[in-house]
Amino acid sequence: MKKTTALLICLIGSLFLGGCTNSKTTNEAKTNPDETQATFEKTNTELNSLEKNINDSYIDDTKESIKKDLSLKKITEFEQQLKNLPQDDFSSIDDKEKVTAYNTRKKEVTDSVSALKDKFTNFSAKDIITRFQTEGLAVHYVQEMKKPQDFGAAPTYAESAYIFGVEEDPLYANSNDNTDKYKNARVMTFEN
């Protein structure tokens, strides 16, 4: 009975009002070009600021592009800022080249944030040692740990592992064998 009544109301509504609707009329639903342009300009400015922020996070002299003072928190902020940009397709803006350039740049910035996250969360042991060297720490005679005997009693579950000397051992300072010459440190990375 309720369905029949609703159908009748819609039919009567179509005859007198031009349709059964519970949203804005077609004219109201269209985007206001001035509002779209203003939104686009604001979004474009926000994207430029975000892009500059990301670029400023790079260290120019680090080949691995490992970021200084960059944390997952900052990357998460970048991601959130990207998500917060309006999702308007900006179809009512006349300058289509400008919109295309913006969309291309937005994709590049999105990819850049993703690459940042990968770089920051997927360090290999070698990346960490490279960062030690960049920071001027003592790193001597770097060797990849490949054989089970390199690990001693430790399980060999590491994805990547390196051993390196941090300082000379006075007992073996005059030794020709580099493996004995240094007090060693090990860096290992694991899947989890």
Side-chain angles (χ1 to χ4, degrees), residues 22-24 26 28-139 142 144-146 154-164 166 185-192:
N22 61 356
S23 62
K24 296 179 181 178
T26 310
E28 288 175 330
K30 285 186 179 175
T31 308
N32 179 336
D34 292 337
E35 285 178 12
T36 303
Q37 181 67 38
T39 302
F40 175 77
E41 295 300 337
K42 183 175 185 266
T43 304
N44 202 15
T45 302
E46 289 171 359
L47 184 67
N48 285 336
S49 172
L50 179 59
E51 190 174 37
K52 183 182 181 317
N53 235 344
I54 292 168
N55 289 337
D56 289 348
S57 297
Y58 283 80
I59 299 174
D60 295 333
D61 62 351
T62 306
K63 286 182 185 176
E64 303 294 319
S65 296
I66 297 171
K67 315 311 175 286
K68 187 175 185 179
D69 301 327
L70 187 69
S71 65
L72 285 172
K73 182 180 178 214
K74 185 154 189 175
I75 295 168
T76 304
E77 285 171 12
F78 287 158
E79 285 180 316
Q80 193 56 52
Q81 283 176 280
L82 270 170
K83 285 179 189 169
N84 289 342
L85 293 177
Q87 300 301 311
D88 196 321
D89 65 359
F90 303 124
S91 59
S92 66
I93 294 177
D94 293 333
D95 192 347
K96 298 303 175 200
E97 286 181 15
K98 195 173 180 182
V99 174
T100 301
Y102 167 81
N103 286 329
T104 301
R105 208 166 73 253
K106 186 174 179 183
K107 183 183 180 328
E108 287 169 356
V109 171
T110 303
D111 292 347
S112 180
V113 170
S114 180
L116 263 179
K117 193 169 190 176
D118 286 347
K119 273 286 188 194
F120 196 75
T121 55
N122 297 324
F123 281 129
S124 71
K126 184 69 172 168
D127 292 331
I128 294 167
I129 292 170
T130 300
R131 181 62 186 265
F132 288 164
Q133 291 168 324
T134 302
E135 295 294 327
L137 300 174
V139 176
V142 178
E144 187 172 7
M145 297 167 64
K146 296 179 183 177
T156 57
Y157 297 132
E159 284 190 326
S160 63
Y162 283 83
I163 185 170
F164 60 96
V166 290
R186 292 166 180 79
V187 174
M188 303 176 205
T189 58
F190 298 85
E191 188 176 341
N192 68 44

### Non-neighbouring partners of Q80 that pass side chain to side chain donor-acceptor pair (under 3.5 Å), sequence neighbours left out
N84
### Task
May I have the step-by-step check of side-chain hydrogen bond (donor to acceptor under 3.5 Å, both in side chains) for T189 and S160, ending in yes or no?
CA-CA 5 Å; T189 58; S160 63; 2.6 Å; yes
#### Entry: Contacts of type side chain to side chain donor-acceptor pair (under 3.5 Å), residue R186, not counting sequence neighbours
none
### Query
With a 4.5 Å heavy-atom cut-off, do N44 and R105 have their side chains touching?
yes
### Task
Kindly compute the distance separating CG (N48) from OG1 (T43), expressed to the nearest 0.5 Å.
11.0 Å
### Message
For E144, give me all partners under side-chain contact (heavy atoms from CB on, under 4.5 Å), at least two apart in sequence or on another chain.
### Response
K146, Y162
### Which residues share a salt bridge (Lys or Arg N to Asp or Glu O under 4.0 Å) with K126, sequence neighbours left out
none
### Task
List in chain and number order the residues that pass side-chain contact (heavy atoms from CB on, under 4.5 Å) with Q81, two or more places apart in sequence or in another chain; answer none if no residue qualifies.
L50, F78
### Task
Tell me, please, which residues at least two apart from S49 pass side chain to side chain donor-acceptor pair (under 3.5 Å).
none
### Query
Got a sec, which residues hit salt bridge (Lys or Arg N to Asp or Glu O under 4.0 Å) with D111, two or more places apart in sequence or on another chain?
K107
### Task
Give every residue pair that meets the salt bridge (Lys or Arg N to Asp or Glu O under 4.0 Å) criterion with at least one member in residues 37-46, sequence neighbours excluded.
E41-K98, K42-E46
### Message
Atom OH of residue position Y157 - does it have more than 12 heavy atoms of other residues, nucleotides or ligands inside 6.0 Å?
### Response
no
### Task
Check side chain to side chain donor-acceptor pair (under 3.5 Å) between E159 and all other residues, then give those that pass, not counting sequence neighbours.
none
### Task
Identify, with sequence neighbours excluded, every residue that meets ring pair (Phe, Tyr, Trp, His ring centres under 6.0 Å) alongside F40.
F90, Y102
### Task
Could you pull out all residues at least two apart from E79 that satisfy salt bridge (Lys or Arg N to Asp or Glu O under 4.0 Å)?
K117
### Message
Would you compute the distance between atom CE of M188 and atom CD1 of I128 and round it to the nearest 0.5 angstrom?
### Response
11.5 Å
#### Entry: T104 side, atom OG1; K106 side, atom NZ - distance, nearest 0.5 Å
12.0 Å
### Query
In Å, rounded to the nearest 0.5 Å, how long is the span from CG of D34 to CD1 of I93?
10.5 Å
### Query
With sequence neighbours left out, what residues match T45 under side-chain contact (heavy atoms from CB on, under 4.5 Å)?
none
### Query
Distance-only, no hydrogens or angles: does the S112 side chain make a donor-acceptor pair with backbone N or O of E108 under 3.5 Å?
no
